[in-house]
Number of protein chains: 2
Amino acid sequence: MRPASIKDVANHAGVAVGTVSNVLNYPERVASKTLDRVQASIAELGFVRNDVARQLRAGHSRTIGLIVLDIGNPFFSSLARAAEDTAAEGGNAVVLGNSGHDAQRELHYIDLFEEQRVQGVLISPVAENSKRLAALTARGTKVVLVDSPSSEDEFSSVSVDDVSGGYMATKHLLDIGRRRIAFVAGPQQFHQVTDRLSGAMRAVAEVPGATLEVLQAADLTVLAGRGVGDSLVERERSLLPDGLFCANDLLALGVMQSLTMLHTLRIPQDVALVGYDDIDFAASAVVPLTSVRQPTTLIGRTAIELLTEQLESPDAGPRSVVFKPELVVRASTGS
Amino acid sequence: MRPASIKDVANHAGVAVGTVSNVLNYPERVASKTLDRVQASIAELGFVRNDVARQLRAGHSRTIGLIVLDIGNPFFSSLARAAEDTAAEGGNAVVLGNSGHDAQRELHYIDLFEEQRVQGVLISPVAENSKRLAALTARGTKVVLVDSPSSEDEFSSVSVDDVSGGYMATKHLLDIGRRRIAFVAGPQQFHQVTDRLSGAMRAVAEVPGATLEVLQAADLTVLAGRGVGDSLVERERSLLPDGLFCANDLLALGVMQSLTMLHTLRIPQDVALVGYDDIDFAASAVVPLTSVRQPTTLIGRTAIELLTEQLESPDAGPRSVVFKPELVVRASTGS
DNA sequence: CCTCATTCTTGAAACGATTCATTATTACGA
DNA sequence: TCGTAATAATGAATCGTTTCAAGAATGAGG
């Protein structure tokens, strides 16, 4: 059966549709006797306001789109939760899209969100696709880049200084005496990967005699990390790095899984290990993992706030917030 | 600037609105010359179809609501991803709501989704709130319970046999010779907790001399698990359980974190540990965790399929799918 | 009982798309 | 050239709200 409309309620209560609308939106304008009667009708008919029609009339929705690279990564699920909580405070809902690092799917979600006329889009972009995003903003949908700086300050953005994070992680390895450093990289098109790498390079350059090797992982996942670990175990001992910095915690946990499973290399004695993100599970790993912590909750909250800011004062230019990461030392670097 | 509407396109191309609509929906009905002209106008004006208006006319949306208990829990994020992927195959989008085990927030999302006229709602309910959900279905919004059986077969549901999972986990502890079993429970109102407990009780009852103690955790999180672990460490040795079954992996990892941090109790020698869910991180824990695996991807996919089923044949009754869990043995029970 | 001010209520217009009965155009054979 | 059939294009009606100018009802004061 078709759900009850405002018209049905009006008929049932013997008033005009405008009155029912007032009951819903401006109850103080309605005489209390009428109010009661209309509310009784609403209850009796089980009327639920059709938000689609409301949105059409209002010209905008109460939803915000969020596109993340990998919702299975605790970094993003934590971020998503924070964004959702913050949005809920303002009466908005968050629609989640998972691009899975796939530019095609990312585009698909951007299209979808634009058709749905979301208030704005928070996006952790696969690769900077400014043209599509610029078109979005040009048509009135606000955009905030998350975990990704805006190259030309074209959009508002919330990010963490990955270069400095990479520097901190590598400096720490050097500080505890490691000299043969290896960086476990994910695909090079991820700026998170290249930024962290360039931080690592800077740290290594400061210490004479230190070397940096780059190991390529196919992906930023536990599984890909295990692959890298397996290949390390097969190496001749003298060719092994003694300090390993992984582009994220999932990779680090994978590497750790592989090294400890085969019991040939000890962490941190043979290889010291540093991850990135400090996900909850880093602390309870086989060997508790030293990691670079990112303020996920703060990132999510700030992203929504920047969006709200843009909605409230559309003329203000884009604003970028950059957080500093923080090194958390644990047993994997021999605390 | 107001985004271009179908009317603007029609004016620009010198055709009627109906023709533009045909270009969008039935291009084969339009003469190729007109088609080109309209498409050129669409491109030039940057027209993007307003899905809100389309939905209003169509009477239904292309979105599905998903309400989970805790998106930070990998069990749910994995489930969400599977649901999203499956929905995308059918051209639908998933809107995510995180209730955080809060009945109030759950209700809020149900209301929101009903107002948005989602096609259906997948929900992992905080506590069975059948009345509200029944009202939903009565008004045409389909409901599928996820990770929760429907008590009266009132709704379609996808669940995993938690009683049998609890039995398997506990039986395994008994099989390796443990007799003083403890179950680390979360809040008792979660049926997942009570079902797993009753499975544990059944297993213990089968073995003469075995005992079962219930330890209460405040929450199903790593942090709460750590609290339980801390209190265990303080106990007199003779009063300690030798087999610990935790209501989920997060709790188990928390307990593990606490026990191994203080180095007073060894896993599995002093205490064997079993978790539940087999999240990705269970395998890479301090001591790789024995756990009961749930087929998250399958659950998510099936939930969407059950929903689709209901949408396509509205008269068919609700259908319930129950999956069997699977024990994955690792070092925490001394493989 | 009338007037005027105040408080409520009304109902048509608008939001932007889709639908479909109607009308216009084209193509073709006679 | 005309008639007919097939193909295209039209535009009003519709979906369920909100808005707002205008009208109706009420109440106070004289």
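Each chain gets a letter, A, B and so on, in the order the sequences are listed, and its residues count up from 1. Remember, predicted model here, so these are calculated numbers, not experimental data.
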Assess, by modelled atom type and distance only, whether the side chains of Thr63(B) and Ser61(B) contain a donor and an acceptor separated by less than 3.5 Å.
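Distance-only check passes for Thr63(B) and Ser61(B).
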Tell me if the CD atom of Glu28(B) is crowded by more than 12 foreign heavy atoms within 6.0 Å.
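Enclosed: over 12 neighbouring heavy atoms sit under 6.0 Å from CD of Glu28(B).
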5' to 3', nucleotides 8-18 of chain C under a 4.0 Å protein heavy-atom cut-off (B base, S sugar-phosphate only, - none) gives SSBB-BBBBBB
Pairing residues for Ser124(A) by the side-chain hydrogen bond (donor to acceptor under 3.5 Å, both in side chains) criterion, not counting sequence neighbours:
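Ser124(A) satisfies side-chain hydrogen bond (donor to acceptor under 3.5 Å, both in side chains) with no residue once adjacent residues are dropped.
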Who passes side-chain hydrogen bond (donor to acceptor under 3.5 Å, both in side chains) against Glu89(B), sequence neighbours left out?
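Glu89(B): side-chain hydrogen bond (donor to acceptor under 3.5 Å, both in side chains) contacts with Arg301(B).
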Check: Ser156(B) side chain, Arg319(B) main-chain N or O, donor-acceptor pair, under 3.5 Å
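Confirmed, Ser156(B) side chain pairs with Arg319(B) backbone.
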Whole angstrom is fine here: how far is it from CG in Asp8(A) over to C1' in dT17(D)?
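The distance from CG of Asp8(A) to C1' of dT17(D) comes to 13 Å, rounded to the nearest Å.
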